[in-house]
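Please read the structure below before turning to the comments.
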Amino acid sequence: MRYRLTFMTGLAVGYVLGTRAGRERYEQLRKGWQRFVQNPAVRNSAETAALSGRQVAAKVFEKAKPLRERIGQREKPAEGEDGWGTSHT
C-alpha cells in the first residue's frame, strides 16, 4: 500500500508541475529532442548500433542452426498424446 501511495503522490506532483510548465515548455522540449535526433553524430551512432545488432543476430541464428535441427528431429508425439506423454482423452 505504501508503494502505491508513493506512486500516486509522484503522479500527482508530476501532473501539477507538468500543467504549470504549459504548452510552451512542452514545445521547447520537443524541439530540443528533434534537434538531438537529427544530429548527424547521433544518427550515425544509431545506424551503427542497428547494423551491429543485425550482424550479431545473424551470427547467433547461424550458431543455433544445429540446435534447431536437433529439436526438429525429435520424435513427434503419437496421435492423441501431447508432448508430455499423456493423452487428452
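Throughout, residue positions are numbered sequentially from 1 according to the sequence presented.
- Clustering ILVMFWY residues whenever any of their side-chain heavy atoms sit less than 4.5 angstrom apart, transitively, puts Phe61 in a cluster other than the one holding Val56.
- Atoms CZ and NZ, from Arg70 and Lys65 in turn, are 15.0 Å apart once rounded to the nearest 0.5 Å.
- Transitive grouping of hydrophobic side chains (ILVMFWY, heavy atoms separated by less than 4.5 Å) keeps Trp33 and Leu29 in distinct clusters.
- Ion pairing between a basic and an acidic side chain is recognised when a charged N comes within 4.0 Å of a carboxylate O; Lys59 and Glu62 show no such pairing.
- With sequence neighbours excluded, the residues forming a side-chain contact (heavy atoms from CB on, under 4.5 Å) with Arg35 are Lys31, listed by chain and number.
- Taking each heavy atom of Gln38 and Arg43 in turn, the nearest pair found is O-CD, 3.8 Å.
- Annotation: the span from Asn39 atom CG to Asn44 atom CG amounts to 9.0 Å, rounded to 0.5 Å.
- Interatomic distance, Thr9 OG1 to Arg4 CZ, rounded to the nearest 0.5 Å: 12.5 Å.
- Enclosure of atom CD in Glu27 by more than 12 non-hydrogen atoms of other residues, nucleotides or ligands within 6.0 angstrom is indicated.
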